[in-house]
Protein chains: 2
Amino acid sequence: MSQRIPTSTAPTLEAVAARAGVSRATVSRVVNNSPKVTDEVVALVNAAIDELGYVPNRAARSLASRRTQAIALILPESAAKVFDDPFFSNIVQGIALHLADTEYTLSLLIASETASDKTRRYLRGGNVDGALVVSHHSGDHSYTRLGASIPLVFGGRPLNPSETDSYFVDADNVEGGRVATQHLIDAGRTSIAIISGPGDMPAGVDRLAGWRTALRGARLDDSLVEHGDFSPQSGAEAMRRLLARGVPIDGLFAANDQMAVGAYSALHEAGLSVPHDVSVVGFDNDKYAPTATPPLTTVNQSTERMGAKMAEVLIRLIDGDESVPRATRLPAELVVRASTSRRAE
Amino acid sequence: MSQRIPTSTAPTLEAVAARAGVSRATVSRVVNNSPKVTDEVVALVNAAIDELGYVPNRAARSLASRRTQAIALILPESAAKVFDDPFFSNIVQGIALHLADTEYTLSLLIASETASDKTRRYLRGGNVDGALVVSHHSGDHSYTRLGASIPLVFGGRPLNPSETDSYFVDADNVEGGRVATQHLIDAGRTSIAIISGPGDMPAGVDRLAGWRTALRGARLDDSLVEHGDFSPQSGAEAMRRLLARGVPIDGLFAANDQMAVGAYSALHEAGLSVPHDVSVVGFDNDKYAPTATPPLTTVNQSTERMGAKMAEVLIRLIDGDESVPRATRLPAELVVRASTSRRAE
DNA sequence: CTGAAAGCGCTAACAC
DNA sequence: GTGTTAGCGCTTTCAG
């Protein structure tokens with residue numbers, strides 16, 4: 001009554017073999033879709049499998065084949081805020097959904113920076129066939145070295161060019177920033193500021209680069225730059241600093257939606273209306289964007305698709321596919337909402 | 001160049017044994033903290049482990065010990081919205097953080113209702129030592145049967161009393177509902193309505209029961225009930241129906257924050273002010289609560305702690321702890337904000 | 001195309 | 001306390 005009896009009900013491959021009147025090797029072949037088995041035998045074995053409700057034991061399989069059929073997702077952020085951020089949520093979701101169609105299992109590792117040693121051991125211990133590393137910060141590319149012992153795919157490009165030999169998938173931040181800014185330009189805005197991200201985060205750097213490209217292309221001033229840390233508060237503060245410069249501003253590109261919304265309040269304080277006085281474009285198309293007042297024009301980077309793509313690339317890597325490019329960039333598309341409008345002539 | 005060479009660098013237990021001059025069994029004992037090993041030998045073995053950078057192979061260990069050191073988290077919701085909901089995000093986080101202190105690994109399973117057969121197979125295939133099942137809906141207790149073959153812990157109590165023999169951890173919704181309502185009563189409110197959840201969701205039912213208990217205790221009318229589906233829209237609609245009854249209402253308890261916020265707009269339409277005319281209490285203390293206008297008084301159910309508790313209970317179950325109670329209820333605490341005020345005399 | 005045999009790396013009785 | 005001996009359930013050469 002009190003012991004957990006080992007599930008004697010779990011049929012083994014051997015039982016299936018006996019039931020089907022073949023050898024264990026053959027059953028194994030069928031289970032693994034080996035092409036070299038007669039159709040008849042396949043049917044026979046499958047019947048036995050169904051009758052017995054056989055499910056292969058993953059540990060045994062993994063021990064014998066030296067593959068785990070599992071991949072790790074490492075979230076090195078300060079754990080406390082990991083899931084608050086829609087960015088992470090969506091990535092996880094994209095990964096999970098992609099994996100649902102495969103035989104792979106997802107192991108979630110929240111590696112607080114201090115525990116990253118434990119994490120390393122885990123990854124090197126043959127627990128997973130590969131790992132996905134996601135972070136907003138670039139420092140977390142400290143995992144890079146592990147790439148030698150196990151396939152690794154990063155979400156977001158590495159900041160450091162010397163680490164350019166790691167695999168990553170990233171939104172096309174440069175192009176996204178360019179398109180966002182061009183939209184402002186096309187609407188007749190001529191004094192366009194940016195609230196950029198921290199200088200050590202590739203996403204921020206790249207979006208800034210896109211903004212600059214667009215402005216230079218239109219021969220407009222590209223000196224209206226302030227930095228935030230992607231939080232709404234920092235967006236509001238950056239906006240105040242921009243306004244304090246005394247230069248009239250009629251367009252704003254914020255490197256993410258949260259800062260854009262923060263900027264809203266600073267603009268409001270200053271008696272400026274959005275989009276009339278200042279048109280605003282954000283980035284991310286997170287769930288606050290459509291419900292902001294006014295709804296925010298932004299760049300959609302489909303984080304979910306990014307997660308799926310990361311999983312896809314990793315699996316190809318695990319399968320030894322040599323043709324996978326180091327960098328995969330996902331297209332960024334503009335989503336126009338009410339925060340931008342043509343400038344009245 | 002093109003093959004993924006098996007990590008020949010991974011030292012085995014045998015190598016450690018040789019290095020330390022002991023048997024493999026002894027190394028195994030040390031690795032597993034067996035009490036019956038001399039301190040000297042332990043030191044010797046650990047030294048060898050460090051020098052070699054030995055990491056036990058999980059598959060082998062699991063095959064031999066018949067334990068996987070992994071647990072599954074099953075999210076049976078329509079996958080699309082799983083991570084949008086802070087409820088899930090926080091639970092996952094709580095689980096992940098708790099597990100970080102253990103030897104257990106978390107496998108994420110997003111089981112779309114249709115795929116639940118694949119999920120069952122997975123769970124029965126000896127892939128995990130136990131599983132956590134989280135859902136807003138009660139139908140998902142369809143996993144209950146699996147409880148016989150593998151330890152299972154549910155998030156949220158089962159709706160059906162016949163399933164009362166499964167393990168679950170839940171917020172104390174009844175008490176939470178009572179406290180929320182009592183707060184309104186204490187503030188001098190005498191006509192207190194509720195926007196409850198769907199009748200088939202335990203959380204809704206329990207919160208309603210708490211509301212009723214408080215009102216009856218104060219001998220107040222408990223007929224002002226309308227149901228919503230936990231969405232803001234449904235909250236607004238339910239509020240309109242309540243107002244349409246023609247009975248003056250000066251207090252409202254909404255079964256979750258999102259419906260409370262929905263009710264805000266309906267009250268606003270009707271020209272009623274919060275908290276002056278109608279004081280409002282929500283439930284969940286989700287992230288919209290503090291930023292609503294006015295900030296919402298609500299019941300905090302600490303979903304993150306719930307996740308952690310679920311993991312804790314499951315692990316105790318896996319360890320054969322017989323003393324774990326079937327039900328674990330987490331205290332719900334009132335968080336007072338500006339949406340409630342004393343009624344002017 | 002199928003079977004036989006040899007492990008994968010570790011744990012768990014059982015002896016000593 | 002420590003070593004010996006069997007496997008855990010599966011994959012994988014190697015024959016046939």
Side-chain angles (χ1 to χ4, degrees), chain A residues 3 5-46 48-49 52-70 103 124-127 129, chain B residues 5-46 48-49 52-70 103 121 124-127 129:
Chain A
Q3 313 253 71
I5 284 83
T7 316
S8 53
T9 39
T12 74
L13 185 156
E14 175 130 39
V16 176
R19 189 89 170 72
V22 298
S23 74
R24 302 186 317 177
T26 298
V27 176
S28 177
R29 291 191 183 98
V30 172
V31 169
N32 294 293
N33 297 311
S34 162
K36 332 191 105 193
V37 186
T38 317
D39 286 354
E40 309 165 42
V41 179
V42 170
L44 208 60
V45 172
N46 278 327
I49 287 177
L52 269 42
Y54 169 73
V55 178
N57 177 306
R58 179 177 292 245
R61 188 198 287 235
S62 149
L63 181 58
S65 67
R66 310 179 122 285
R67 314 172 96 246
T68 63
Q69 294 287 84
E103 285 299 299
R124 303 215 46 200
N127 293 301
D129 293 336
Chain B
I5 283 82
T7 318
S8 54
T9 40
T12 73
L13 185 154
E14 175 129 38
V16 176
R19 189 89 170 73
V22 298
S23 74
R24 302 184 319 178
T26 298
V27 176
S28 176
R29 290 190 184 98
V30 172
V31 170
N32 294 294
N33 297 310
S34 162
K36 331 192 109 193
V37 186
T38 318
D39 286 354
E40 310 163 40
V41 179
V42 171
L44 208 60
V45 172
N46 277 328
I49 288 177
L52 269 41
Y54 168 74
V55 178
N57 177 305
R58 178 176 293 244
R61 186 197 284 231
S62 147
L63 182 57
S65 67
R66 309 179 123 288
R67 313 171 96 247
T68 63
Q69 294 288 82
E103 285 299 299
R121 289 186 106 60
R124 305 216 43 200
N127 293 302
D129 293 336

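Scope of the values below: all heavy atoms of this structure, side chains included, with no hydrogens, waters or symmetry mates. In the text below, chain A, chain B and the rest are named by the order of the sequence lines, each starting its count at 1.
Where DNA chain D meets chain B (any atom under 4.0 Å from a heavy atom), the bounding nucleotides read 5' to 3' are D/dG1 to D/dG9. The outermost nucleotides of DNA chain C lying under 4.0 Å from heavy atoms of chain B, listed 5' to 3', are C/dG9 to C/dA13.
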Enumerate, atom names and distances included, each donor-acceptor pair closer than 3.5 Å involving a side-chain atom of residues 16-28 of chain B, sequence neighbours excluded.
unit_1, atom_1, unit_2, atom_2, d
B/Arg19, NE, B/Glu51, OE1, 3.3
B/Arg19, NH1, B/Glu51, OE1, 3.3
B/Arg19, NH2, B/Glu51, OE1, 2.3
B/Ser23, OG, B/Ala25, N, 3.4
B/Ser23, OG, B/Thr26, N, 3.3
B/Ser23, OG, B/Thr26, OG1, 3.3
B/Ser28, OG, B/Asn32, ND2, 3.4

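Summarising the geometry, atom OG belonging to A/Ser62 is positioned 8.5 Å from atom CZ belonging to A/Arg58; distances are rounded to the nearest 0.5 Å.
If you find the closest nucleotide of DNA chain C to B/Asn57 and to B/Arg29, the one lying nearer the 5' end belongs to B/Asn57. Heavy-atom distances to DNA chain D give each of B/Ser23 and A/Ser62 a nearest nucleotide, and the one nearer the 5′ end belongs to B/Ser23. Mapped onto DNA chain D by nearest heavy atom, A/Leu63 and B/Arg24 fall at different nucleotides, with B/Arg24 at the one closer to the 5' end.
The salt bridge (Lys or Arg N to Asp or Glu O under 4.0 Å) analysis of residues 26-40 of chain A, with sequence neighbours excluded, yields no pairs.
A heavy-atom distance below 4.5 Å is not found between the side chains of A/Val45 and A/Val37. For the pair B/Leu13 and B/Asn57, the minimum side-chain heavy-atom distance is 4.5 Å or more. Two residues are said to be in side-chain contact when any heavy atoms from C-beta on lie closer than 4.5 Å; B/Thr68 and B/Asn127 fail this criterion.
Across all strands shown, B/Val22 has heavy atoms under 4.0 Å from sugar-phosphate atoms exclusively, and none from any base. At a threshold of 4.0 angstrom between heavy atoms, the contacts of A/Val41 are confined to the sugar-phosphate backbone, with no base atom among them. Within 4.0 Å of A/Thr12, counting heavy atoms only, lie sugar-phosphate atoms of the nucleic acid but no base atom.
The terminal axes of the helix from C/dC1-D/dG16 to C/dC16-D/dG1, fitted over 5 pairs per end, subtend an angle of 30° to the nearest 10°.
Listed in residue order, the members of residues 31-40 of chain A having a heavy atom less than 4.0 Å from DNA chain C are A/Lys36, A/Val37, A/Thr38.
A side-chain donor-acceptor contact under 3.5 Å links A/Thr12 to the backbone of A/Ala15. Judged by distance alone, with hydrogens and angles left aside, the side-chain atoms of B/Asp129 form no donor-acceptor pair with the main-chain N or O of B/Arg67 at under 3.5 Å.
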Next item on the list: Step by step, work out the side-chain contact (heavy atoms from CB on, under 4.5 Å) result for A/Ile49 and A/Val31.
Entry: CA-CA 9 Å; A/Ile49 287 177; A/Val31 169; 4.0 Å; yes
